[in-house]
Amino acid sequence: MENEPDHENVEQSFCAKTTDEELNKSFNLEASLSKFSYIDLDKELEFKNDLIDDKEFDIPQVDTPPTLESILNETDDEDESFVLEDPTLLNIDTIDSHSYDTSSVASSDSGDRTNLKRKKKLPDSFSLHGSVMRHSLLKGISAQIVSAADKVNAGLPTAIAVSSLIAVGTSHGLALIFDQNQALRLCLGSTSVGGQYGAISALSINNDCSRLLCGFAKGQITMWDLASGKLLRSITDAHPPGTAILHIKFTDDPTLAICNDSGGSVFELTFKRVMGVRTCESRCLFSGSKGEVCCIEPLHSKPELKDHPITQFSLLAMASLTKILVIGLKPSLKVWMTFPYGRMDPSSVPLLAWHFVAVHNYVNPMLAFCRGDVVHFLLVKRDESGAIHVTKQKHLHLYYDLINFTWINSRTIVLLDSVEKLHVIDRQTQEELETVEISEVQLVYNSSHFKSLATGGNVSQALALVGEKACYQSISSYGGQIFYLGTKSVYVMMLRSWRERVDHLLKQDCLTEALALAWSFHEGKAKAVVGLSGDATKRKAIVADRMVEILFHYADRALKKCPDQGKIQVMEQHFQMVLMCWENRLYDAMIYVYNRGMNEFISPMEKLFRVIAPPLNAGKTLTDEQVVMGNKLLVYISCCLAGRAYPLGDIPEDLVPLVKNQVFEFLIRLHSTEASSEEEIYPYVRTLLHFDTREFLNVLALTFEDFKNDKQAVEYQQRIVDILLKVMVENSDFTPSQVGCLFTFLARQLAKPDNTLFVNRTLFDQVLEFLCSPDDDSRHSERQQVLLELLQAGGIVQFEESRLIRMAEKAEFYQICEFMYEREHQYDKIIDCYLRDPLREEEVFNYIHNILSIPGHSAEEKQSVWQKAMDHIEELVSLKPCKAAELVATHFSEQIETVIKKLQNQVLLFKFLRSLLDPREGVHVNQELLQVSPCITEQYIELLCQFSPNQVIETLQVLECYRLDETIQISQKYQLHEVTAYLLEKKGDIHGAFLIMLKRLQSKLQEIIHQDENAKDVPSLKDVEETMVETIALCQRNSHNLNQQQREALWFPLLEAMMAPQKLSSSAAPHLHSEALKSLTMQVLNSMAAFIALPSILQRILQDPVYGKGKLGEIQGLILGMLDTFNYETLLETTTSLLNQDLHWSLCNLRASVTRGLNPKQDYCSICLQQYKRRQEMADEIIVFSCGHLYHSFCLQNKECTVEIEGQTRWTCYKCSSSNKVGKLSENSSEIKKGRITPSQVKMSPSCHPSKGDPTVKKAISEPVLDPQQIQAFDQLCHLYRGSSRLALLTELSQNRSGESCRPFGGSQSGPAFNSIFQKENFQLQLIPPPVTED
């Protein structure tokens, strides 16, 4: 891999989106679930997420099978017997918190270590995967490190830590802080402090990049504020004196850090701030006397994974010289796993690294630990009981010793061996993707700190031996990038994007490898893929475009080495390439090879013609593949004739004339090279005409435009035209559309001013006869359209116009006739063309309107058009009455009477007048400008009475211009009594209208009374009811404007008419409809009660001689019904008044209660006793009750102070309800049913603190229903009553009354639903006004 200096800002490397970041963003994590949705682990895994990788279970895969030749040529030292893996590795061993027996894990490391090292020869990873990593020098930082050493005596770099900032520690105790642009932001510390503390031996930056921890060679620890550069803490007593700080690490908790000293001990540092004083408390987690720890690694989770269930344990991995430990710092210190090493090289360096990975649709952390040449992977997950389980995954055997292990994403790891070579490994397949030599970095080692030279070298010999190769503080990873600290420089390495990897191979002239790599991206088999997102189809399309570019590049490069034309022996490679392209349907590539490699332009045409010609000649339908080939052939011919190369570029200028001549000669060949005896002449032209006539002629038209007016060009054009005519005119297998396209093409060419073509005019006459043949009814519209295009293209000069019109009329080509008449300005004849054409007859209205309204036409032309329209007015009205009416009203509103006279057909006249006068027809006519005489409107009404009597009243309501007397006579003429009554009412004769309606009602009642059961055409009871309802409506509409006497003149005759049939029927023999008539009579009484006083109604009934002689029993039901109605109305009026008063008072007090603020009694949670300000970092809400108690919502939930009512959460005050806590659960169920648990609450986000001067309060729920606070206010309001409310009393009475008929009188009902308020001991009925609320 070549070393590429970084010429751009390091911001690009900082902000680069890694596959790991995209992994974490794609997970939807919930704190209460241990199962995480596996959507997109990273771009390498997103298209393999449903597959179980056999490689995870040590099933080897051979990417490139060895050939026999390679096996025979292997040397003896490479001939090595296959070492069988330990069969226990095929099983997944589980190490959980209940068993610390690690013998099953350690068994994989037992045996002779020398047999486990695989001296296998790796395949050529560069040819398979290209350059995977990009290696860049951070020039700005490197230059400033050297400058600081020279100018301020900063010393050599010793440690590096990377977040959104880069921190570099030096040997003289300085910490240099660089930003994303490699600019030096801060220089922390001084050389005087460095002389006291020694070199910086370890660095750590917290998650939000606000704090920096520095560990020193003499054991001190300092904390710095990265925003201001201030020293916050200087810690000297966190661990035993005389030992160097080897590691210092922030955890996800910013108040918690871990340090590891050269004595092998591990300490937990807790940072606190009490009364403004910053302190640090230290706790020993592991003592060096039990085994020296030389590597620690806390589990860090990114923000999108902060709710993962396992993060609450704050896991820490520690590696001593003999074993691995995983402990949990929270909620209490606990050892979750121990793992002893096997026999190891004492000089090898223990390594630890965490990363979140997706396995079987779950996202969990995986710990990688290694020492020497074996890497173990442990998957850590939490079960439902809260215990942590550690599952052994496949381990990785190497043939080199490791000094650093780094995850670059969930699938790709980067290893650094003891000779400073980087190895990029795919974790699942264990395939080595790339090896990079980084000796030029001059990596900084931490040997002096492990030997604790600054404090006298008081360390064990074993730890000093390990420190010889320790480089923990020289390598830091962040955001998918790895930073390497050298003695004078800083390098960064990251994965290349897939395009970079392909381009890098192309720069190396490795075209075959680049194409193979692109194909692996296309098939989803590539490793460490970056920058390829989307679904599989989108990814394949993106890669396919790049592969086409590579192929063109490859072909261009190969063809530049092409030998001279004619040396067939040397051109065998190119013919093989052509064959390969043809077999793989790469037609563009085939044409490209022919043109660029062999200067051959005709052979590609011949190959394509051989495919598409046979099915076209046989009359078969082409397949999709053949259509694609035909389209490519047309485009290729067009490019050749235009002097352009296919598919891109231009043909060399010296070859353009030759290529054009070759193509023309090819097209006009009489027969093909392998012609059979049955082949027709000019096969190539014939095939193209059959394939796509219009496009082929367009190609020729473009070519004719480019031709120079020389003799050869003219000859070619004329030759082509003659062949086209011969092929198409003399054959009957072409459609009229195809023939028309040819002559349209010819007409355009002949119409050019510099035309040199000659076409026999007789041919145009033959085409005209062919297209206008009256004996051929097939494709009528197609033939007409073709002829119209021919005429519009200039072909009209080739015909005699009178003959053309005659033939067009005979063939019923009305569009052709229109075209000809318009040329001669005979617009009136065009109207006939529209009316005769069934496809366009409705367009005649728009045409007439355009002629009459668009300026540019003479008055004579407009008059002739209007006269023609008048001659065909009946035809126009029958075609579209609304359009005809709109046309007349727009242009000739003063001639409406003339139009009416021309319409002899009464039905057409009725349709025309309805469209003209009725605005409901949707005709856009301005009625104010339309001056219509009343006689025309009355004529329309008379026609309406004849043809649509049911719509007369509705129409009269929207019409305006008519005379009442004449219209009444018309309605009386046709005996439309409802219409007459309507008109009389409109005239003001209410009594006359009522008499007509009363007469109709009486006649229908008489018919029902005297009807025979077998009689037909007798009005039904429904007709009587409808007539009665219309009469009642008439009386109700006008009673408001009448005096009492006039009202009685209307209502009493109506009542008498309805009661008359009941007088005639005796009680012994009631009529069939007597009950229905009584119901109708009751309806009349209810209606008239609103206008006639009840005593008047009763007096009128009693004055009736029939009822005055002892027949009151017959109308007893009517009278009782009237009294019930009166009682109901009185009760309703009283109840409504009471409810309105209660509602007004209740709402006023409810509003006052709801808007009153809540004042908390204290500023701390009544459960956890912590101030709410201390809980800001938690997304917790503050709940204040009306009693003054304040809680965190999280605390209330833990105390089970929430109740779900109708899908909403109701809160209860824990402190106030604690006295009733014994019976709380049993009471809750009944309270929920009654809906009484409605405590007040106010929710606030932690950012809005409830202080005395801050009125900002966030309401819990904002919906059209009462929220809990409003419900409690309403309950308090109800308690203000000293008795039951009037609403409750009325509700109880209505329930008792409605339930009397459905339950026994003396039966006892149990349950809260049947507890009557009247049965309560404290029930008192107090007739006093509602009380006033107390403040």
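Remark: side-chain polar atoms of Gln144 are paired, donor with acceptor, to backbone N or O of Gln182 under 3.5 angstrom. Side chain of Ser348 to backbone of Arg371: no donor-acceptor contact under 3.5 angstrom is found. For Ser142 (side chain) and Val490 (main-chain N/O), a donor-acceptor pair under 3.5 Å exists by modelled atom type. No donor-acceptor pair closer than 3.5 Å links the side chain of Glu500 to the backbone N or O of Met133. Judged by distance alone, with hydrogens and angles left aside, the side-chain atoms of Thr311 form a donor-acceptor pair with the main-chain N or O of His308 at under 3.5 Å. With hydrogens and angles disregarded, no donor-acceptor distance shorter than 3.5 Å links the side chain of His300 to the backbone of Asn207. Side-chain atoms of Ser474 do not come within 3.5 Å of backbone N or O of Leu443 as any donor-acceptor pair. With hydrogens and angles disregarded, no donor-acceptor distance shorter than 3.5 Å links the side chain of Lys249 to the backbone of Glu297. With Asn181 contributing its side chain and Ala183 its backbone, the two residues share no donor-acceptor pair below 3.5 Å. Counting only distance, with no hydrogens or angles, the side chain of Arg134 and the backbone of Arg496 share no donor-acceptor pair below 3.5 Å.
Side-chain atoms of Thr537 and Asp535 include no donor-acceptor pair closer than 3.5 Å.
Under the 4.5 Å side-chain criterion, counting only non-hydrogen atoms from C-beta, Glu268 is in contact with Leu256. You'll find the side chain of Glu440 reaches within 4.5 Å of the side chain of His135, heavy atoms only. Using a 4.5 Å heavy-atom threshold, the side chains of Leu402 and Val349 count as separate. Side-chain contact between Phe450 and Leu246: present, with at least one pair of heavy atoms (C-beta onward) separated by less than 4.5 Å. Side chains of Val436 and Met493 form a contact here, defined as non-hydrogen atoms less than 4.5 Å apart. Under the 4.5 Å side-chain criterion, counting only non-hydrogen atoms from C-beta, Arg411 is in contact with Thr429. Taking the side chain as every heavy atom from C-beta outward, Tyr400 and Lys421 never approach each other to under 4.5 Å. A 4.5 Å side-chain heavy-atom check between Val326 and Leu378 finds every atom pair outside the cut-off.
What you find for Leu203 and Gly169 is that their closest heavy atoms are CD1-N, 3.4 Å. Taking both residues in full, the closest heavy atoms of Ile248 and Ser204 are given as O-CB, 3.2 Å, listed atom of the first, atom of the second, then distance. The shortest heavy-atom contact between Cys471 and Ile403 is SG-O, 3.6 Å. Of all heavy-atom pairs spanning Ile205 and Ala161, the tightest one is CD1-O, 3.9 Å. The two residues Ile408 and Gly480 come nearest to each other via the heavy atoms CG1-O, 3.3 Å. When all heavy atoms of Ile145 and Leu485 are compared, the pair lying nearest together is CD1-CD1, 4.5 Å.
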- Message: If you apply the rule salt bridge (Lys or Arg N to Asp or Glu O under 4.0 Å), what do you find for Arg546 with Asp503, and how did you get there?
- Response: CA-CA 10 Å; Arg546 184 61 179 139; Asp503 293 341; 2.3 Å; yes
- Message: Could you walk me through whether Ile542 and Arg499 satisfy the side-chain contact (heavy atoms from CB on, under 4.5 Å) test, starting with their C-alpha distance in whole Å, then the side-chain angles of each, then the deciding distance to 0.1 Å, before giving a yes or no?
- Response: CA-CA 10 Å; Ile542 294 173; Arg499 286 186 181 274; 3.6 Å; yes
- side-chain contact (heavy atoms from CB on, under 4.5 Å) evaluation trace for Trp498 with Leu517: CA-CA 9 Å; Trp498 72 276; Leu517 180 60; over 6 Å; no
- Val380 vs Trp336, side-chain contact (heavy atoms from CB on, under 4.5 Å): CA-CA, chis, key distance, verdict: CA-CA 10 Å; Val380 182; Trp336 289 107; over 6 Å; no
- For Asp208 and Ser210, what are the C-alpha separation, side-chain angles and deciding distance, and is it a side chain to side chain donor-acceptor pair (under 3.5 Å)? CA-CA 6 Å; Asp208 60 0; Ser210 61; 2.7 Å; yes
- Starting from the C-alpha separation in whole Å, work towards a yes-or-no answer on side-chain contact (heavy atoms from CB on, under 4.5 Å) for Leu329 and Asp253. CA-CA 11 Å; Leu329 304 178; Asp253 183 353; over 6 Å; no
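We find the CG-CG distance between Leu415 and Asp401 to be 12.0 Å, quoted to the nearest 0.5 Å. Between the CD atom in Glu420 and the CD atom in Gln442 there is a gap of 9.0 Å [rounded to 0.5 Å]. Atom CG of Leu305 sits about 9.0 Å away from atom CG of Asp307, to the nearest 0.5 Å. Residue Leu379 holds its CG atom at 13.0 Å from NZ of Lys392, rounded to the nearest 0.5 Å. Rounded to the nearest 0.5 Å, atoms CD1 (Ile388) and CZ (Phe313) are 4.5 Å apart. His395 NE2 to Phe377 CZ: the interatomic distance, rounded to the nearest 0.5 Å, is 10.5 Å.
His376 and Phe369 have parallel rings, their planes meeting at less than 30° on a 0 to 90° scale where 60° marks the start of perpendicular. Using a 30° and 60° split on the angle between ring planes, His247 and Tyr472 fall in the perpendicular class, above 60°. Classification of the Phe405-Trp407 ring pair by plane angle, with boundaries at 30° and 60°, yields perpendicular.
Just one of Glu513, Glu431, Glu434 meets the side chain to side chain donor-acceptor pair (under 3.5 Å) condition when paired with His129; it is Glu431.
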